[in-house]
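Take a look at the structure set out below.
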Amino acid sequence: MVKFKSAGRQLPLFPADVERSFELLPTLGEQGDIRYFATRSRSVLNGPETTGMNFWSVNPYVGCAFGCTYCYARYAHRYVMERAADKDRLEDALSSEFESMPPWLAFERRIFVKRDAPDILARALRTGGERYLGLINGDTILIGSATDPYQPAERRFRVTRRILEVLAEHPGLSIVIITKSPLITRDVDLLKRIARHSRIHVQISLITVDRELARRIEPRSPTPDSRLRAIARLRDAGIETGVNCMPVLPGITDDPAALDELVRRVAEAGAVRIGACALRLDRSARLRYLPFIEQEFPDLAARYHASYSRGRNVGEKYRAGLAEHFDTLRAKYGIGDGSRY
Ligand code: SF4
């Protein structure tokens with residue numbers, strides 16, 4: 001096990017818009033090829049001014065062992081890795097830990113666990129103050145904007161559950177949880193308790209119901225069938241649940257018949273809404289995704305390079321056609337629009 005001399009020392013690893021006052025602590029353990037590190041952060045609730053969106057975000061972990069090939073959240077680890085290359089700023093043990101693999105892989109295999117996030121959140125909500133007035137006035141708290149809060153780490157560290165226990169103490173909140181994992185059904189008791197006095201909504205991420213295809217593009221994520229079963233269990237428990245079909249991968253998951261089947265099955269499982277958008281490729285996602293396409297879908301490589309040559313978005317015409325197709329499918333299967341929470 002790697003020992004760090006850096007315990008107790010403040011290391012500003014993330015830019016302000018990602019994470020403030022991040023501190024690295026010793027390893028918590030290993031699980032196969034995944035290694036967990038403890039972290040402490042001064043602030044857990046990232047307000048609209050830092051998310052750049054109209055919601056607050058809470059991320060119990062940094063990194064995500066599900067390792068979806070298209071994941072856009074890798075940028076945070078890229079920053080960690082770049083800083084790790086600066087040996088004057090980090091201890092040798094930690095530097096070599098991160099130098100042993102590319103940033104995109106470290107995102108999946110080196111997971112930071114915010115063990116004290118629930119206590120920090122409890123203190124922030126107890127103290128209240130002007131900064132948190134928006135929460136009381138109905139701003140949404142999104143759990144899982146840059147990590148999956150129910151990835152394998154949660155089974156062991158239960159940070160997400162403890163965060164929900166804190167939120168359960170505060171009535172009148174609006175909470176959205178995004179996950180790919182049926183592990184969320186472990187917390188149905190807590191979700192029901194929160195639903196008594198706050199709005200709580202779960203979005204299950206699902207971009208294909210084809211098990212083999214899912215295994216190629218989301219190799220470590222729960223199977224589509226297990227996610228459909230989770231939707232049904234949440235529905236049975238009275239928890240409002242929707243689906244994020246995000247991102248739709250051009251040429252891979254956008255076959256009209258396949259999308260029809262997906263929308264039909266999530267509607268049958270009990271999802272009340274579905275949102276969809278086409279793949280966006282920021283720099284960190286591009287570094288992982290485009291080599292993956294070249295290797296796994298070589299016939300599509302030229303199309304991807306051309307489609308994303310001018311920016312992070314695929315062409316306007318494609319996006320408009322996709323939006324129209326989903327409108328048709330929602331109407332066909334009587335399911336609402338989940339593009340906004
Ligand atoms: S589950 Fe979400 S956060 Fe995790 S790797 Fe996949 S897309 Fe990224």
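In listed order, ligands and their atoms are each counted from 1. What you see below is based on every heavy atom in this structure, not just the backbone, and it leaves out hydrogens, waters and symmetry mates.
- Proximity of a side-chain donor or acceptor of T241 to a complementary backbone N or O of I239 within less than 3.5 Å is detected.
- Listing protein N, O or S atoms at distances below 2.8 Å from atom 8 (Fe) of ligand 1, with waters left out, gives C71 SG.
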Verdict with reasoning, V243 to R227, per side-chain contact (heavy atoms from CB on, under 4.5 Å) | CA-CA 10 Å; V243 165; R227 285 180 250 177; over 6 Å; no
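- Residue K180 approaches ligand 1 through these ligand atoms, each under 4.0 Å from one of its heavy atoms: 1 (S), 2 (Fe), 6 (Fe), 7 (S).
- By the 6.0 Å and 45° rule, R216 stacks over the aromatic ring of F297.
- Checking side-chain atoms of S57 against main-chain N and O of S145 turns up no donor-acceptor pair under 3.5 Å.
- Panel note: side chain D33, backbone R109; no donor-acceptor pair is recorded below 3.5 Å.
- Classification of R193 and D187 as a salt-bridged pair fails, no side-chain N sitting under 4.0 Å from a carboxylate O.
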